[in-house]
J.: 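The structure under discussion is supplied below as structure tokens; questions concerning it will follow.
One-based numbering, in listed order, for ligands and for the atoms of each.
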Amino acid sequence: MTTVSTLPEVVTVRAPAKVNLELRVGPRRPDGYHGLATVFQAVSLHDEVSVWRSDDWEVVAAGHDADLVPAAPDNIAVRAARLVAERGRVDEALTIRIDKEIPVAGGMAGGSADAAATLLACDQLWGLALDRAELAELAAELGSDVPFPLTGGNLMGSGRGEQLTPVLARGTFHWVFAVSGTGLSTPAVYAEIDRLREQWMDGPVPEPRVSSRIMAALRSGDAQALGSALGNDLQEAAFALRPALRDLCEAGIDFGALGAIVSGSGPTVAFLTASHEAALDLSVSLSAAALCHDIRRAKGPVPGAHVVPAPRTPASNVHS
Ligand code: ATP
């Protein structure tokens, strides 16, 4: 008996957003990058990427902020698909549909999640059976934040953030994300931290290191301890460029959050709360204070990119 394997017509993959529980930034390196030590947590805000064959490369975006998602060929999802095509010696163009839930340019690595989802989706569509290590290698070529959403959970990142190691953790954490205005440019925030450090620091910038407090808090699953251990070296730079973020952090703490942190290079602020109910209460208070333009709740950690069993079809409506 012969087995005929048919390739799928459409594949849909879900990938999560991230929050950096701790982000330590080292000195600027000769190649222009900064060495990082960070702890990522994947949270339950997801983008879904669907791919199918078509005559030309095309990106169709739907959902939150769909109008801010770049078209092909600038979209990072197209770069991801072309990389897989090159690796698998495939000569086909695709339509890539992105259903967005992750804020665009919010410091939650939405573009990186889309890239990770696209790598996995293309691998399945073309039946290449690349293993996780090969996908991770392609992910690192696309950007420092792309390998993490492939795996998800809680991971420590070093190098530019792309070298990942497991973190011992237990428990589920409840987050409120306050999205504050349009994106702060990541290069501008790094340039500002360099400028501030020149003013403040006498000696050289130390090599970045994750604290033992954050590791202990994750090991014990203690939300209170995690809230007080959150830390981000880019936060002062984000505050300098957007002072309203400081007020937002302080307001969230006054309203009962266990901890507040600018997510990555901002401008989203992440608040850790004690429970699902506490997250609901905080959302209501922040909303009433009108300090941000959008509020999302999520829990973490969640798994990384995975294939959705019932794919969206090319005929599914695009709601924006
Ligand atoms: P980073 O911190 O990596 O710069 P971010 O997490 O703040 O990113 P993203 O949503 O990844 O925010 O968007 C960063 C920029 O990447 C956007 O300004 C957008 O122009 C570009 N971009 C390219 N592809 C995508 C995509 N699929 N989704 C969102 N933005 C994308």
J.: For the residue pair His46 and His306, does the interplanar ring angle fall in the parallel (under 30°), tilted (30 to 60°) or perpendicular (over 60°) class?
T.: perpendicular
J.: In terms of atom number and element, which parts of ligand 1 are under 4.0 angstrom from non-hydrogen atoms of Ile98?
T.: 27 (N)
J.: Using a distance threshold of 4.0 Å (strictly less than), state whether atom 16 (O) of ligand 1 has a protein heavy-atom neighbour.
T.: no
J.: Using heavy atoms and a threshold below 4.0 Å, how should the contact between Asn75 and ligand 1 be classified: side chain, backbone, both, or neither?
T.: both
J.: One residue to check: Pro70. Relative to ligand 1, which of side chain, backbone, both or neither has a non-hydrogen atom less than 4.0 Å away?
T.: side chain
J.: So, Ser265 versus Thr186: side-chain donor-acceptor pair below 3.5 Å or not?
T.: yes
J.: Identify whether the distance between the nearest side-chain nitrogen and carboxylate oxygen of Lys100 and Asp114 falls below 4.0 Å.
T.: yes
J.: Heavy-atom contact check, 4.0 Å cutoff: does Pro103 meet ligand 1?
T.: yes
J.: So if you build clusters from Ile, Leu, Val, Met, Phe, Trp, Tyr with side-chain heavy-atom gaps below 4.5 Å, do Phe255 and Leu248 land together?
T.: yes
J.: Show your reasoning for whether side-chain contact (heavy atoms from CB on, under 4.5 Å) applies to Phe271 and Ile261.
T.: CA-CA 7 Å; Phe271 297 101; Ile261 196 170; over 6 Å; no
J.: Are Glu22 and Ser211 close enough that a side-chain donor and a side-chain acceptor fall under 3.5 Å?
T.: yes
J.: If we only consider heavy atoms of Gly264, is any one of them less than 4.0 Å away from an atom in ligand 1?
T.: no
J.: Which ligand 1 atoms does Asp114 reach within 4.0 Å, using its non-hydrogen atoms?
T.: 26 (C), 27 (N), 28 (N)
J.: What's the shortest distance from atom 13 (O) of ligand 1 to any protein heavy atom, and which residue and atom give it?
T.: Ala105 N, 3.5 Å
J.: Could you check atom 3 (O) of ligand 1 against the protein and tell me its nearest heavy-atom contact, residue, atom and distance included?
T.: Asp145 OD2, 4.3 Å
J.: Just let me know how Met108 lines up against ligand 1, side chain, backbone, both or neither, with a heavy-atom cut-off below 4.0 Å.
T.: backbone
J.: Among protein heavy atoms, which sits nearest to atom 7 (O) of ligand 1, and what does the distance come to when rounded to 0.1 Å?
T.: Gly107 N, 2.7 Å
J.: Minimum heavy-atom separation for Ala42 and Phe148, please, with both atom names.
T.: N-CZ, 3.5 Å
J.: Applying side chain to side chain contact (heavy atoms under 4.5 Å, CB included) between Pro70 and each of Val59, Val78, Val104, Asn75, report the one that passes.
T.: Asn75
J.: Around atom CZ of Arg29, are there more than 12 heavy atoms from other residues, nucleotides or ligands closer than 6.0 Å?
T.: yes
J.: Are any of the N/O atoms on Thr186, whether in the backbone or the side chain, positioned under 3.5 angstrom from an N/O atom of ligand 1?
T.: yes
J.: Which of the numbered atoms in ligand 1 are under 4.0 angstrom from any heavy atom belonging to Gly111?
T.: 9 (P), 10 (O), 11 (O), 26 (C), 28 (N)
J.: Just heavy atoms, cut-off under 4.0 Å: does Asp47 contact ligand 1 by side chain, backbone, both, or neither?
T.: neither
J.: Less than 4.0 angstrom from a charged side-chain N to a carboxylate O is my criterion; do Glu192 and Arg195 meet it?
T.: yes
J.: Does ligand 1 come near enough to Ala77 that some N or O of the ligand is less than 3.5 Å from an N or O of the residue?
T.: no
J.: Under 4.0 Å, counting heavy atoms only: does Ala109 come that close to any atom of ligand 1?
T.: yes
J.: Looking at atom 26 (C) of ligand 1, would you say a protein heavy atom lies below 4.0 Å from it?
T.: yes
J.: For ligand 1, which part of Ile76 has a heavy atom less than 4.0 Å away: the side chain, the backbone, both, or neither?
T.: both
J.: One thing to verify: whether Arg312 and Asp99 come together as a salt bridge, which I'm taking to mean a side-chain N less than 4.0 angstrom from a carboxylate O.
T.: yes
J.: If the cut-off is 4.0 Å to any non-hydrogen atom of Lys100, which atoms of ligand 1 fall inside it?
T.: 28 (N), 29 (C)
J.: Regarding Arg87 and Glu137, does a basic nitrogen lie under 4.0 Å from an acidic carboxylate oxygen?
T.: yes
J.: State the atoms of ligand 1, each with its element, that fall below the 4.0 Å cut-off from a heavy-atom position in Gly106.
T.: 7 (O), 12 (O)
